[in-house]
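Notes for the one structure printed next.
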2 protein chains.
Amino acid sequence: MIQNQPLMEKLKDITFYTMDKAIRTYRIFAQKRLRENGYKITIDQWLIIKSIMENPGISQQEIGEKVFKDNASVTRIIELLVKSEYLEREVNPDDRRKSNLNVTDEGKSIVKKVHSLVLENRKTALAGILPEELEIMNKTLKRIISNCN
Amino acid sequence: MIQNQPLMEKLKDITFYTMDKAIRTYRIFAQKRLRENGYKITIDQWLIIKSIMENPGISQQEIGEKVFKDNASVTRIIELLVKSEYLEREVNPDDRRKSNLNVTDEGKSIVKKVHSLVLENRKTALAGILPEELEIMNKTLKRIISNCN
DNA sequence: AATATTTATTTGATATATCAATTATTGATA
DNA sequence: TATCAATAATTGATATATCAAATAAATATT
């Protein structure tokens, strides 16, 4: 264990930096590809429309849990989606604190079109990585999440 | 390989989500600990002061490369650091486009104090993770970075 | 039923990210 | 040397993140 100490310390130093850099590099890459293909939508916006389509009647709070964003962010992203006419909202008559969120035809259309691009992006980003490695990374990331809670 | 396909697809689906969640969970955790201990500084601000201390005479562009932030972000974070009196800036006489950035005594002091807290945070966040696992994660993250460039 | 508590969402304040355009300065070249 | 091109930093516009406080509605309690 004593031999592992220096390696472990170095890794600890760079791990969070590398995580941050990887996720940001991927985001820039993915967003650029969306733009290149003429899609006027961000990845976060896409994720939120998608979660509404897949879970009709979902509340904003539940959306936030699904996409790991806080309520304030969800509110603001939805505002933009309504403005872009990808979403429609009306007051939920059963609970007037909530909104009913409906994906417009245009919203459905863009989600569908962007989906294949997202799959391609993931494939490109993960090229050459073995399933075992991906599994270990996922397990490790989940451990970090639980350690920080 | 055919058997691995479904597993691989699932992992691809969740990998970026988990990465994002892990880095954000850690950030919230670390920032909360800073606040609890009364430090009025963000992690990003701390990183930038630290990079100036470790690299005297560094330019803003070089800082950006070190901490993986773009020039605009560096400019704005530095503005806040000057306002908080952790940094002083003056025009570089050799190249008037650049600034000389000096860490004040207060800046040096807070970086030092926060450092041990950051080490603790990293230790907590990575508890129970084996060096091999960390290595594989780092290697995988680096592969993602290069794949997206 | 009136009041208190809880819950869902919104809003305000501040920090950061990203892209594009601009400014100021320097270095190269015709 | 005057002009052009490259570089460093800033600024503006827009999107998101985070926390705390406010609002509005629903539920529970007395």
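What you see is a predicted model, and the numbers here were worked out from it, not measured in a lab. Every chain is numbered from 1 and lettered A, B, ... according to where its sequence line falls, protein lines coming before strand lines.
Across all their heavy atoms, A/R96 and A/P93 have their closest contact at CG-O, 4.4 Å. A/Q31 and A/I41 make their closest contact through NE2-O, 3.1 Å (heavy atoms, listed as atom of the first residue, atom of the second, distance). Residues B/T140 and A/L134 approach most closely at CG2-CD1, 4.4 Å, considering heavy atoms. Scanning both residues, B/E106 and B/S84, for their nearest heavy atoms gives OE1-O, 4.4 Å.
A/D95 comes within contact range of the sugar-phosphate backbone alone, with a heavy-atom separation under 4.0 Å but no base atom that close. Residue-level contact check: B/D44 touches the backbone only, with heavy atoms under 4.0 Å from sugar-phosphate atoms and none from bases. At the heavy-atom level, B/S73 lies under 4.0 Å from base atoms of the strands shown. Nucleic acid contact for A/R24: sugar-phosphate only, since backbone atoms but no base atoms lie under 4.0 Å from a heavy atom of the residue. Note on A/Q31: nothing from the nucleic acid sits closer than 4.0 angstrom, heavy atoms only. Among the heavy atoms of the strands, none lies under 4.0 Å from A/E62.
Each of A/I43 and A/N92 was matched to the nucleotide of DNA chain D holding its nearest heavy atom; the match closer to the 5' end belongs to A/I43. Summary of the strand contacts: A/D94 and A/T42 both lie near DNA chain D, and taking for each the nucleotide with the nearest heavy atom, the more 5' one is attributed to A/T42. Toward the 5′ end of DNA chain C lies the nearest nucleotide of A/Q60, the other residue of the pair A/Q60 and A/R35 mapping further downstream.
Rounded to whole angstrom, the span from the CD1 atom of A/I58 across to the C1' atom of C/dT9 amounts to 15 Å. Distance NZ (B/K98) to C1' (C/dT23): 17 Å, rounded to an integer number of Å. C/dT10 atom P lies 7 Å from atom CD1 of A/I78, rounded to whole Å.
When atom types are taken as modelled, the side chain of B/N92 and the backbone of B/K98 share no donor-acceptor pair closer than 3.5 angstrom. A donor-acceptor distance shorter than 3.5 angstrom exists from the side chain of A/W46 to the backbone of A/V111, with no hydrogens or angles considered.
An OP1 or OP2 oxygen of C/dA8 is reached within less than 4.0 angstrom by a side-chain nitrogen or oxygen of A/Q61. The phosphate of C/dT9 (OP1 or OP2) has no side-chain N or O of A/R97 nearer than 4.0 angstrom.
Salt-bridge formation is not detected for the pair A/R24/B/D70: no Lys NZ or Arg NE/NH1/NH2 atom is positioned less than 4.0 Å from an Asp or Glu carboxylate oxygen.
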- Task: Verify ring-ring contact (aromatic ring centres under 6.0 Å, His included) between A/Y17 and B/F68, making sure each step is shown before the conclusion.
- Result: CA-CA 9 Å; A/Y17 170 74; B/F68 197 63; 7.0 Å; no

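If you check the side chains of A/R89 and A/Q60, you find a donor sitting under 3.5 Å from an acceptor.
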- Task: Would you sketch DNA chain D in dot-bracket for me? Only Watson-Crick or G-U wobble pairs with both distances under 3.5 Å count, crossing pairs as [ ], other-strand pairs as |, the rest as dots.
- Result: ||||||||||||||||||||||||||||||

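For DNA chain D, the outermost nucleotides in 5' to 3' order that have an atom under 4.0 Å from a heavy atom of chain B are D/dT7 to D/dC19.
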